Each structure stands twice: as structure tokens, then as C-alpha cells.
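Being a predicted model, the structure only gives us computed values, none of them experimental.
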Amino acid sequence: MSSRHLVGRHHNIVISRNRIRRRFSQQTAQRILFICWIITILSIWIATDGDEDISDSAFNTMNYGPPAIRKDAHQFVSHQSNNSQSDSFNMQIHVQDLILDPPTTEALRPISYNNCCIPAIMMGSANPNDIKCFGTCYNERACSDPTYPYSSLEEREKFGQLVTLDPYQINLTKCRCLAEPEWLIPNVTWCSKSAKGIYGSNPSPGCSLVSDSHGGPWQHVFVFPSAKLAFCGIPKVGITKWIQFARFAAGAKDYPSIPHYKLDIEFFRYDKMDPLIQQEIWQNEKEWTWAVFIRDPAERVLSAYLDKVATKSGQANVKRLYGFDRFFSFEDFIKRLNLTYIESGCATKELEKKPESGMTGLTLCSNPHWRPQIMSCGLYERLDRFKFVGDIHNSPDHTRELLKAVGLWESHGKHFINGGVTRDGKTRLHDCSIKSYPSTHKEHVGFQQKDQVFNFTASNTVYGHATGSKDKMESYYTPDLLKLVREKLYADDDKLYQMVSGMKKLSRGEELAALLSDSGC
């Protein structure tokens with residue numbers, strides 16, 4: 001036999017061996033993966049003593065499991081259903097150590113509907129023309145079912161009656177929300193003993209119904225009805241991510257999009273709910289949990305400046321309203337806040353005549369992006385009402401602890417996927433209509449949890465709220481400027497933040513109030 005034939009024969013043998021190895025490797029991997037799925041399903045069945053139909057437990061395996069084992073999963077469930085009296089295995093299995101439980105949240109179900117619409121619950125009301133930014137995308141239920149964004153008809157009937165004001169009520173609300181200067185600079189007491197009435201010296205909720213730029217202390221409270229959680233969102237303290245999570249929990253398949261204009265989120269705003277429902281949520285301390293996250297005030301006000309003033313992409317209406325220009329430095333910004341309060345600072349029409357009046361002093365009427373954090377949600381005299389107070393710089397641990405406490409972690413929190421699908425083929429999707437990833441997406445890290453490589457959400461990767469203010473402190477602050485911010489302008493914010501900063505566990509508002517209050521709680 002010639003050397004050429006020998007070489008050719010050897011080459012064919014090598015190829016055959018490689019094919020056999022490759023096939024064996026693929027089959028082995030599929031069998032191992034299939035065994036993991038079977039063990040997971042059996043452990044659930046065993047844990048429920050056989051009460052739960054195993055075909056229900058395996059539903060997501062058959063539909064969302066790896067394609068190579070879906071057929072095997074179907075066959076297994078069929079066989080198991082016919083042998084319901086099979087012997088139980090005496091084993092202890094930690095399911096979460098084997099594989100992440102398949103999510104059931106509506107937001108991660110496969111997208112088969114590609115339209116955007118104004119939610120059916122708002123049918124008959126005056127709707128905006130920009131459907132992508134104000135509407136809900138990719139969820140057919142939102143377009144046809146007037147129950148959405150609530151989980152049930154009962155939930156909608158209780159929480160879905162949003163307040164509408166006639167002209168007379170609007171004038172009364174304006175008078176209540178835009179009050180006298182002495183009242184707008186509150187006396188900080190921390191504790192409910194000094195509070196008078198339901199909301200103490202705070203204006204009662206509803207100010208955002210008459211003012212967008214100065215919506216009052218309750219403007220950014222978001223309610224999670226099923227968990228009985230009222231979350232006090234504070235601008236420049238990760239509020240965008242929490243609005244995204246609220247939409248995710250409601251089933252929005254465009255939850256990674258810019259959330260601030262979406263109409264479905266309006267139905268979870270405490271400020272716009274029926275006053276009787278508001279009082280129940282605020283006063284019923286046994287059933288309703290209030291929570292808030294706090295940020296270093298010096299870092300936060302720098303972030304507000306970088307986001308709203310310093311960049312070309314800063315909000316044009318904010319720049320126009322307050323008379324900012326490209327020469328307006330961070331030092332100018334802080335010095336303006338340190339000026340004596342001008343009464344007209346609450347009235348938008350007066351701001352247009354005297355832009356500087358909107359940035360004199362820090363009051364309940366200040367722009368919420370640089371208004372002191374303790375002026376949100378009654379913190380300055382009802383801190384004890386907040387069961388949980390977290391540190392934004394420990395979001396992974398504190399968020400997980402909070403959501404576990406109210407029952408939202410297992411159902412939604414751990415299934416949250418950061419970011420979303422930003423392209424449809426070669427076409428870049430609008431920032432208002434970004435799609436959710438499918439439930440099988442590998443980056444299943446959970447809400448506010450750190451990724452192995454990076455921890456970006458859609459708010460960072462798509463439309464850029466991140467300012468990197470923490471890393472820029474030394475570049476913008478002089479020692480005197482930092483002292484002015486920490487010890488005068490935001491002294492009470494700083495006191496509160498120093499108490500929660502670096503804490504591994506969530507702090508309790510009642511304990512913090514007792515330590516901060518001169519008279520105790």
C-alpha cells in the first residue's frame with residue numbers, strides 16, 4: 001500500500017474518532033443536564049408529598065428548558081403521570097444549588113406581540129400621541145384587558161380609582177401645596193410624637209396633581225399592592241431602577257425602557273390614589289411596610305448637577321426654568337442653594353420671571369433632584385414609620401433583604417434581568433420601547449444584584465442616568481464647599497446617611513428616629 005493511501009486512511013480514522021468523541025460529549029452533556037432537570041422536578045414533588053401535580057412543576061421545563069431536552073421532559077412527565085404511586089427517593093436536594101427556578105413573571109414570557117398601546121384601563125381618557133413613550137409595548141394583555149397593570153380585578157377595584165380634580169379642587173390643592181415660607185422649611189424632629197394630624201406638618205398627598213416640577217413630598221412613592229409595600233423613591237437615589245422593577249412586577253415586557261413617562265406606572269403612584277386608600281396605606285402599620293433608600297448627600301447633589309446642569313444632554317426645561325447656562329459651575333450651583341429663601345420659589349410662573357428664586361434655600365418646594373432627602377415622604381418627622389431604611393451603596397444586600405421580607409424576591413426579584421434587547425435585527429429600538437430578554441437569558445442575576453462582570457441596568461446602558469459622581473467628588477469639591485454641603489445645606493441628610501452607611505443589614509426607622517430625636521421616640 002502506498003504512503004499516500006496510508007496517510008489518507010490515517011486521516012479518515014482521526015476524523016472518525018473526533019466525530020465519535022464529539023457525539024459522545026454532546027450526548028453525555030445532554031444526559032447530565034436532563035438528570036439535573038429530573039432531580040429538580042422530583043425534589044419539588046417529594047417536598048410537597050406528592051400533593052402537587054408534577055406535570056405543573058415541569059411545565060416550565062417543557063417550554064423553557066434547553067431545546068435538546070424538551071422532548072425528554074415531555075416523555076418523563078407523561079410517564080410520571082401514569083405512575084403517580086412511584087416510590088419516593090430519600091434524598092435532600094437544594095434546588096437552588098442545581099439550577100435557577102424557572103420564572104413565572106409575565107414580563108419574561110416570550111414576546112409574540114410587537115405593538116405598543118395606551119393601556120385598556122385608560123380607554124376613554126385623553127391620551128398622548130407618543131404611544132411608544134407613554135404606552136405599554138409587547139404585552140397584548142395591556143392593550144385588551146382593563147385589569148392590567150393590576151394582577152386581579154379585586155386589586156384594580158381597590159387601588160385603581162385615581163384622583164381627578166375639578167377646577168375648584170385644583171385651586172384648593174395649589175393653595176395647600178404651595179404654602180407659606182415658614183411652613184416650607186420644616187422643623188426636623190424625626191419622631192411621630194411631634195407630628196400633628198395624619199401626615200404631620202407635611203402637605204397631604206396630591207401635590208403632583210397640580211404641579212409637575214414641584215410635586216410635593218409624596219410624588220415618588222410607589223405602591224406594590226400584592227406585597228403591601230410602599231417604597232419611597234427619591235430622585236438621584238436609584239429611583240429609575242425601582243420604577244423599572246414596579247413595571248416588571250406588573251408584567252410590562254418593555255420594562256427596561258425609559259420608565260418615567262409610561263402611563264401604566266401612574267396606577268402605582270401613592271400621590272394619585274384615593275385619599276382613603278392613602279390613609280390606609282400610611283396608617284395601617286401592621287399590614288403595610290414602608291421603605292426608603294438613602295444616599296450620601298454630597299454625592300447626590302453633585303450627581304444632580306452633573307445630570308441636570310453640566311452636560312449638554314441635561315434637561316432643557318430644567319436649565320431654562322432655573323436660568324442655567326454653560327458657564328454655571330458646581331460652585332455657583334451650591335452657592336445659589338445657600339441664598340436666603342425667596343417666597344416666589346414655589347410658583348412656576350414666578351420662576352419664569354426670576355429664575356434664581358427657584359434655587360434659593362432648600363425647602364419642601366425645591367426641585368426633587370436636589371431637595372433634601374429627609375423632606376421626602378415625611379422622613380423628617382415620621383422616620384419611625386419606615387420599617388426599613390437602606391443604603392444605596394449596599395443595594396444588592398439591602399434590596400434582596402427588603403424584597404424577601406415582603407414576599408417579592410422569590411416571585412419577581414430574583415428573576416429580574418438587567419437591561420434588555422435594544423435592537424430588532426439591524427434596527428436600533430427606541431429608548432422607550434426596549435424589549436425584555438426571554439426568561440432563558442443567561443444574565444439572570446436578580447434585581448439590583450451584581451453581575452460577575454458588570455452590574456448595569458437599562459438606565460445605565462441605554463439612556464445614561466449614571467453620572468459617576470462618587471468617583472468625581474475630589475474633582476468638584478473643595479474642603480470648604482464640602483463642609484458647606486455636609487454641615488449646613490444637607491446636615492440632616494448627612495446625619496441620617498452616616499447612621500445607615502456601611503450597614504450590612506437594613507436599618508429600622510424606629511431605632512434611627514430614637515437615636516436622632518432630641519426627645520426620643
Side-chain angles (χ1 to χ4, degrees), residues 59-60 63-67 100-120 131-145 147-151 222 224 226 238-265 267-268 399 403 408-451 453-465:
F59 173 80
N60 284 317
N63 291 279
Y64 300 113
L100 186 69
D101 296 338
T104 57
T105 179
E106 182 179 6
L108 296 181
R109 292 174 188 165
I111 292 176
S112 59
Y113 184 80
N114 286 305
N115 295 330
C116 301
C117 67
I118 300 300
I131 304 299
K132 284 185 178 179
C133 283
F134 289 89
T136 303
C137 302
Y138 317 123
N139 189 326
E140 188 173 8
R141 184 171 79 89
C143 304
S144 59
D145 184 355
T147 300
Y148 177 88
Y150 297 108
S151 61
F222 294 95
F224 295 80
S226 63
I239 189 173
T240 297
K241 298 174 186 178
W242 276 94
I243 301 176
Q244 287 177 333
F245 181 69
R247 299 192 69 240
F248 173 82
K253 296 183 180 182
D254 61 342
Y255 74 86
S257 306
I258 296 177
H260 300 287
Y261 309 112
K262 297 290 187 178
L263 292 174
D264 53 13
I265 199 62
F267 292 90
F268 300 109
T399 299
L403 295 184
L408 278 175
W409 178 252
E410 293 297 324
S411 61
H412 294 89
K414 75 174 184 180
H415 302 300
F416 186 90
I417 301 176
N418 290 330
V421 180
T422 60
R423 289 188 175 276
D424 187 0
K426 294 183 178 180
T427 305
R428 191 182 190 282
L429 295 175
H430 193 283
D431 288 352
C432 290
S433 59
I434 297 170
K435 295 181 178 180
S436 61
Y437 284 119
S439 61
T440 52
H441 185 65
K442 62 181 180 180
E443 301 296 340
H444 241 295
V445 297
F447 180 55
Q448 301 281 52
Q449 303 307 295
K450 289 184 178 179
D451 192 279
V453 181
F454 46 75
N455 187 32
F456 290 155
T457 66
S459 61
N460 302 119
T461 58
V462 180
Y463 48 86
H465 270 329

Engineer: Would you say the side chain of I265 lies within less than 4.5 Å of the side chain of H260, judging by non-hydrogen atoms?
Structural biologist: no
Engineer: For the atom pair CD1 (I434) and CZ (R423), what is the distance rounded to the nearest 0.5 Å?
Structural biologist: 11.5 Å
Engineer: Quick check: do F267 and P119 have side-chain heavy atoms less than 4.5 Å from each other?
Structural biologist: no
Engineer: Looking at side-chain heavy atoms only, is the closest gap between L403 and F245 below 4.5 Å?
Structural biologist: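 SC-SC contact between L403 and F245 confirmed.
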Engineer: Should Y138 and S433 count as side-chain neighbours, where that means a heavy-atom distance under 4.5 Å?
Structural biologist: yes
Engineer: Is there a donor-acceptor pair under 3.5 Å between the side chain of H415 and the backbone N or O of E410?
Structural biologist: yes
Engineer: Give me the atom names and distance for the closest heavy-atom approach of W409 to G446.
Structural biologist: CH2-CA, 4.4 Å
Engineer: Applying the side-chain contact (heavy atoms from CB on, under 4.5 Å) test to Y437, which of V421, N418, L108 qualifies?
Structural biologist: V421
Engineer: Is there a side-chain contact between K241 and F447 (heavy atoms, below 4.5 Å)?
Structural biologist: yes
Engineer: Walk me through whether N114 and K435 qualify under side chain to side chain contact (heavy atoms under 4.5 Å, CB included).
Structural biologist: CA-CA 10 Å; N114 286 305; K435 295 181 178 180; 3.3 Å; yes
Engineer: Go through the steps to decide whether H430 and C133 satisfy the test side chain to side chain contact (heavy atoms under 4.5 Å, CB included), and finish with yes or no.
Structural biologist: CA-CA 9 Å; H430 193 283; C133 283; 3.6 Å; yes
Engineer: Can you tell me how far OG1 of T105 sits from CG of L408, rounded to the nearest 0.5 angstrom?
Structural biologist: 10.5 Å
Engineer: Measuring only between side-chain heavy atoms, which start at C-beta, is T136 closer than 4.5 Å to K262?
Structural biologist: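 Counting from C-beta outward, T136 and K262 never come under 4.5 Å.
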Engineer: I would like to know whether C117 and C137 meet disulfide bond (SG atoms under 2.5 Å apart); could you show each step before the answer?
Structural biologist: CA-CA 6 Å; C117 67; C137 302; over 6 Å; no
Engineer: Would you say the rings of F416 and Y255 are close, in the sense that their centroids are separated by under 6.0 Å?
Structural biologist: yes
Engineer: Over 60° means perpendicular and under 30° means parallel, so tell me whether F224 and W242 are parallel, tilted or perpendicular.
Structural biologist: perpendicular
Engineer: So, T422 side chain and L429 main chain: donor-acceptor pair closer than 3.5 Å or not?
Structural biologist: no
Engineer: Where the side chain of N139 meets the backbone of G251, is there a donor-acceptor pair that is under 3.5 Å apart?
Structural biologist: yes
Engineer: Please test R109 against K253 for side chain to side chain contact (heavy atoms under 4.5 Å, CB included), starting from the C-alpha separation and ending with a verdict.
Structural biologist: CA-CA 8 Å; R109 292 174 188 165; K253 296 183 180 182; 4.1 Å; yes
Engineer: Shortest non-hydrogen contact from P149 to A250?
Structural biologist: O-CB, 3.6 Å
Engineer: Taking side chain as C-beta onward, heavy atoms only, is S257 less than 4.5 Å from K132?
Structural biologist: no
Engineer: Give me the atom names and distance for the closest heavy-atom approach of A252 to D264.
Structural biologist: CB-OD2, 4.3 Å
Engineer: Quick one: does any side-chain atom of S436 pair with a main-chain N or O of A107 as donor and acceptor, under 3.5 Å?
Structural biologist: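 Such a contact is found between S436 side chain and A107 backbone.
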